[in-house]
There are 2 protein chains.
Amino acid sequence: MTEDEPTTEDGVWLDCSNSAVRRAARRLGQLYDDAMGETGLKGTQFSLMTQIVRSEEPTLKRLAKAMVMDLSALGHTLKPLIRDGLVELVPDEQDRRAKRVRLTAAGVAKQRELLALWQQAQNRFDEAFGREQAEELRRTLAFISSSEFTQAFSRKQDQ
Amino acid sequence: MTEDEPTTEDGVWLDCSNSAVRRAARRLGQLYDDAMGETGLKGTQFSLMTQIVRSEEPTLKRLAKAMVMDLSALGHTLKPLIRDGLVELVPDEQDRRAKRVRLTAAGVAKQRELLALWQQAQNRFDEAFGREQAEELRRTLAFISSSEFTQAFSRKQDQ
DNA sequence: TTGATTTACTGGTATATACCACTATATATG
DNA sequence: CATATATAGTGGTATATACCAGTAAATCAA
C-alpha cells in the first residue's frame with residue numbers, strides 16, 4: 001500500500017464542539033436514513049412524526065421548542081409531510097392564531113411502520129457503541145440541547 | 001404561574017441517538033453562529049475554512065471525507081465562500097480530474113478574524129460544560145464520525 | 001373601548017446537506 | 001492500443017434549517 005489515499009482520517013480538525021457534533025450528525029444521518037430503507041422517509045422525518053405523537057397535538061410553537069428548532073424552519077420541514085398526507089395542521093379552538101399539529105391516519109400507520117426500522121437502527125447503534133454509553137451520550141446531548149445549558153453558556157458571555 | 005406555557009421541556013422524545021445529536025447540533029449551531037456576530041459568516045463556514053487550512057490544499061474528495069460530508073454537498077456548501085472570494089478551487093497538476101481547495105488571501109485573513117470569535121464561543125462552551133467533559137465529548141463524537149464506527153454499526157446489520 | 005404591544009404563524013431568501021445522473025479523466029485489462 | 005471500469009467533480013432536485021419581514025389575532029393599558 002502506497003501512501004496516497006490514507007485510510008486514516010488524518011488532519012481532521014477535532015477541537016470544535018460545534019463542528020464535532022455536526023460531523024456526528026451527518027454520519028448518523030446517513031446511518032439512520034439508510035435504515036429507513038424504501039419507506040421514502042428520512043430519519044429526521046420519522047423523529048419529527050414521533051415527537052408529534054409524544055407531544056399530543058402540540059401547537060407549532062410548542063413542537064418547535066421540543067425539537068429545538070426555529071418556528072419557521074419547522075413550518076418548512078413539515079411541508080413535505082403535509083403534502084404527502086401524513087401530517088395535518090388544525091386551527092386551535094381557543095387561540096385562533098395557533099395551529100395544532102397531528103398525524104393523519106396514514107401518518108399514524110406510517111409512523112408505526114417506521115418505528116420497527118428505527119428500532120433496528122437504534123439497536124445497532126447501541127450495540128456498536130455500548131448500551132450504557134449510548135444512554136449516557138443521549139442524556140449528555142439532551143443537556144446541551146436544554147435551555148438550561150443555553151443559559152449557562154450565555155452567562156459566560158460577560159467574561 | 002398557571003399551567004400553560006410550561007417552561008420545562010416536557011414530553012420530548014429523547015430515545016433516539018440520531019435525533020439527540022441533531023437537536024444538539026441545532027442548539028450549538030445557534031450558539032456558535034451568534035458568536036460569529038457581524039462577520040457575515042456562520043459557524044459551519046468557519047469550521048470548513050479551518051479544515052481547509054488544516055488539510056493543506058486538499059482535493060474536494062479528501063476534504064469531503066475529512067468533513068464526513070457528501071462530495072456534492074461539499075461542492076454546494078463551498079459556493080458562497082467561492083462567490084465571496086474567500087476560497088478558490090485549483091485544478092490538480094497530476095490528476096486533471098481533481099481540484100484542490102484553498103483559502104484566498106482574503107480567506108486567510110477572514111479565518112484569522114473568525115478564530116478569535118470562535119475561541120470565545122469554545123471557551124464559553126468548555127466553561128459551561130466542563131473542560132474535561134467537553135474534551136471527552138469531542139472524542140466520543142469523533143469516534144461516532146469515524147469510518148471505524150460506521151463499520152461496527154454496519155456489521156450489526158446481519159442480526 | 002381603543003390603541004400599543006406581544007404572540008403565532010407564513011413566505012421569502014439563504015445556507016446545509018443528500019442522492020442521482022452525467023461528464024471527463026484516469027487506470028486496468030485483454 | 002482499445003475498450004471496460006473506476007474515480008473526481010458538476011448540476012439538478014429535494015429536504016433541513018435559519019433569519020427576517022410581514023399578517024393576524026390576542027392581550028395589555030390608558
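Worth knowing before you read on, the calculation uses all heavy atoms, side chains too, and leaves out hydrogens, waters and symmetry mates. The sequence lines fix the lettering, A, B, ..., with proteins before strands; numbering per chain opens at 1.
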Quiz prompt | Plane angle bin for A:Tyr32 and B:Phe153 - parallel if under 30°, tilted between 30 and 60°, otherwise perpendicular | solution = tilted
Any base atoms under 4.0 Å from [X], or only sugar-phosphate, or nothing? Heavy atoms, all strands.
X       : value
A:Asp95 : sugar-phosphate
B:Asp33 : nothing
A:Leu71 : base
B:Thr77 : base

Between [X] and [Y], what is the shortest heavy-atom contact and its length?
X        : Y        : value
B:Ala98  : B:Thr59  : CB-CG2, 4.1 Å
A:Ile144 : B:Arg27  : O-CG, 3.4 Å
A:Leu74  : A:Met69  : CA-SD, 3.8 Å
A:Ala35  : A:Ala121 : CB-CB, 3.6 Å

Quiz prompt | Presence of salt bridge, B:Arg102 and B:Glu57, under 4.0 angstrom | solution = yes
Quiz item: Got a salt bridge between A:Asp126 and A:Arg138, using NZ or NE/NH1/NH2 to carboxylate O under 4.0 Å?
Solution: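 Answer for the salt bridge query: yes.
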Interatomic distance, [X] [atom1] vs [N] [atom2] [rounded to whole Å]:
X       : N      : atom1 : atom2 : result
A:Lys65 : C:dT7  : NZ    : P     : 12 Å
A:Met67 : D:dT15 : CE    : P     : 16 Å
B:Lys42 : C:dT15 : NZ    : P     : 9 Å
A:Arg27 : C:dA18 : CZ    : P     : 10 Å
A:Leu41 : D:dA14 : CG    : P     : 16 Å
B:Arg23 : D:dA16 : CZ    : C1'   : 15 Å
B:Leu60 : C:dT25 : CG    : P     : 16 Å
B:Asp70 : D:dA14 : CG    : P     : 17 Å

Practice problem: Identify, residue by residue, the members of residues 101-115 of chain A with a heavy atom below 4.0 Å from DNA chain C, and return them in order of residue number, or none. | Solution: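 Close to the strand, none.
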Practice problem: Using a cut-off of strictly less than 4.0 Å between a heavy atom of the residue and any atom of DNA chain C, enumerate the qualifying residues of residues 79-89 of chain B by number. | Solution: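 Nucleic-acid contacts, sorted: B:Pro80, B:Arg83.
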Quiz prompt | N/O donor-acceptor pair, side chain B:Arg96 with base C:dT25, under 3.5 angstrom | solution =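 By the distance-only test, no, there is no pair.
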Practice problem: Indicate, yes or no, whether a donor-acceptor pair under 3.5 Å links the base of C:dT17 to the side chain of A:Arg26. | Solution: no
Quiz item: If you check the B:Thr59 side chain, which of D:dA25, D:dA18, D:dG9 turns out closest?
Solution: D:dG9
Quiz item: Between C:dC9, C:dA26, D:dC19, which one does the side chain of A:His76 approach most closely?
Solution: D:dC19
Is the shortest side-chain N/O distance from [X] to OP1 or OP2 of [N] below 4.0 Å?
X       : N      : answer
B:Gln45 : C:dT15 : no
A:Lys99 : C:dC9  : no
A:Arg22 : C:dT17 : yes

Quiz item: Taking for each residue the nucleotide of DNA chain C bearing the nearest heavy atom, is the 5' side occupied by A:Ser72 or by B:Gln94?
Solution: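 On the 5' side of the pair lies A:Ser72.
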Self-check item: Upstream residue (5' side of DNA chain C) when B:Met69 and A:Arg100 are each assigned their closest nucleotide
Solution: A:Arg100
Self-check item: A:Ser17 and B:Gln122: CA distance, side-chain angles, deciding distance, side chain to side chain contact (heavy atoms under 4.5 Å, CB included) verdict
Solution: CA-CA 7 Å; A:Ser17 303; B:Gln122 181 81 350; 3.7 Å; yes
Practice problem: Check the pair A:Phe46, B:Trp13 against ring-ring contact (aromatic ring centres under 6.0 Å, His included), reporting the backbone distance first and the verdict last. | Solution: CA-CA 12 Å; A:Phe46 167 69; B:Trp13 184 51; 5.7 Å; yes
Self-check item: Stepwise side-chain hydrogen bond (donor to acceptor under 3.5 Å, both in side chains) check, B:Asn123 with B:Gln119
Solution: CA-CA 6 Å; B:Asn123 283 342; B:Gln119 186 67 64; 3.1 Å; yes
Quiz item: For A:Arg112, does the CZ atom sit with more than 12 other heavy atoms under 6.0 Å from it, leaving out its own atoms?
Solution: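 Result for CZ/A:Arg112: open.
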